[in-house]
Amino acid sequence: VYGDTLADIDLPSNVYGKWEFVDSLSTPVGNVGKNTFNVQFTPVNTELKAVKDILNVYVSKMHLDFNFTKLQIDYDGLEHTPEYTLVNSKGEEVNDPAITVNYTGQKGKDVGTYFYAYTINSANYEGNAMGYFDIVANRVTITIADSSMNLGETVPNFTLVSSKEDLKPFTYYVEGVDPSVIPLLNIQISVPKINN
C-alpha cells in the first residue's frame with residue numbers, strides 16, 4: 001500500500017538462507033503501480049555465493065477515512081460544507097498537498113438539513129463519504145437598553161418587559177451578531193413583550 005516501506009514486505013526464508021532487500025528497509029515502496037527493487041538471497045553455507053534478483057512490488061492506493069469534526073453548524077448567513085480531517089488506517093491525520101477532494105453535495109446556507117458527498121481524487125489515495133449535515137438556528141441573546149423602562153422577568157432567549165400602556169421606545173442589541181445580519185435572524189418584537 002502507498003505509504004508503506006520495504007520493512008512492511010515479508011520476504012521468504014528457509015533453512016538454506018534468506019532473501020533480503022539491498023536497499024534500506026526504511027525505503028518507501030513508491031507511488032501506486034509497479035515498482036522494482038533489488039533483492040539477494042544469502043545462503044547459510046558461507047561457501048556458496050549469494051543470489052541476486054529483482055523484485056516487482058505492486059503498490060495499491062492508501063485508503064483514507066473522513067473524520068468529520070463538525071456536522072452541525074450554527075446559522076450565520078454564509079454557505080457551509082461539513083468540516084473534516086483525513087485519517088489513515090492507524091488513525092493518523094494525513095495532510096498531503098497532492099490530495100484532491102471533490103465535493104458533489106449541497107452547500108448549506110439557510111436552516112435545514114443538507115446532503116454531502118466527498119470523493120478523494122488522487123493518484124495515491126482513495127476514499128469517499130456521504131451523509132447529511134445540519135444548519136441550525138443560531139441562539140442569540142437580546143439585551144434591552146433604555147433606562148426609562150421598567151424591565152420584567154428575564155427568561156432564556158428573550159426578555160419580558162413589564163406591561164404598560166405608556167411603554168416608551170427602546171433599543172435592542174444582539175450579542176455577537178453583526179447588525180446587518182439581525183434582520184435575517186427572524187427576531188419578532190411586539191409590545192409589551194419582546195419575543196425571540
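Bear in mind the structure is a predicted one, so any value in this text is a computation, not a measurement.
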Sub-4.5 Å side-chain heavy-atom contact between Asp53 and Trp19: yes
When you compare the side chain of Ile73 with that of Phe133, does any pair of heavy atoms fall below 4.5 Å? yes
Plane angle bin for Tyr2 and Tyr125 - parallel if under 30°, tilted between 30 and 60°, otherwise perpendicular: perpendicular
Using a 4.5 Å cut-off on heavy atoms from C-beta on, say whether the side chain of Pro82 contacts that of Tyr103. yes
Once the angle between the rings of Phe68 and Tyr118 is folded into 0 to 90°, is it parallel (under 30°), tilted (30 to 60°) or perpendicular (over 60°)? tilted
With the side chain counted from C-beta on, respond yes when Thr85 and Phe66 share a heavy-atom pair under 4.5 Å apart, and no when they do not. no
Look at the side chain of Asp134 and the backbone N and O of Gln72, then say whether any donor-acceptor pair between them is shorter than 3.5 Å. no
Walk me through whether Val136 and Asp74 qualify under side chain to side chain contact (heavy atoms under 4.5 Å, CB included). CA-CA 5 Å; Val136 297; Asp74 291 336; 3.3 Å; yes
Answer with yes or no whether the side chains of Asn102 and Thr119 bring together a donor and an acceptor at under 3.5 Å. no
Just so I know, are the side chains of Val57 and Leu55 near enough to count as touching, which here means a heavy-atom distance under 4.5 Å? yes
Going only through I, L, V, M, F, W and Y residues with side-chain contacts under 4.5 Å, is there a path from Leu86 to Met130? no
Is any side-chain heavy atom of Lys61 closer than 4.5 Å to one of Asn124? no
Leu11 vs Phe21, side chain to side chain contact (heavy atoms under 4.5 Å, CB included): CA-CA, chis, key distance, verdict: CA-CA 8 Å; Leu11 296 180; Phe21 284 103; 3.5 Å; yes
Crowding at CG, Asn14 (>12 non-hydrogen neighbours, <6.0 Å): yes
Do side-chain atoms of Gln106 reach the backbone of Phe115 as a donor and acceptor pair under 3.5 angstrom? yes
Mark yes or no for whether Asp4, through its side chain, and Asp8, through its backbone, hold a donor-acceptor pair below 3.5 Å. no
Beyond-backbone contact of Thr42 with Glu20, side-chain heavy atoms, under 4.5 angstrom: yes
Taking it one step at a time, do Thr36 and Asn56 satisfy side chain to side chain donor-acceptor pair (under 3.5 Å)? CA-CA 5 Å; Thr36 302; Asn56 291 323; 3.2 Å; yes
Is the side chain of Asn35 donor-acceptor paired with the backbone N or O of Gly30 at a distance under 3.5 Å, no angle test? no
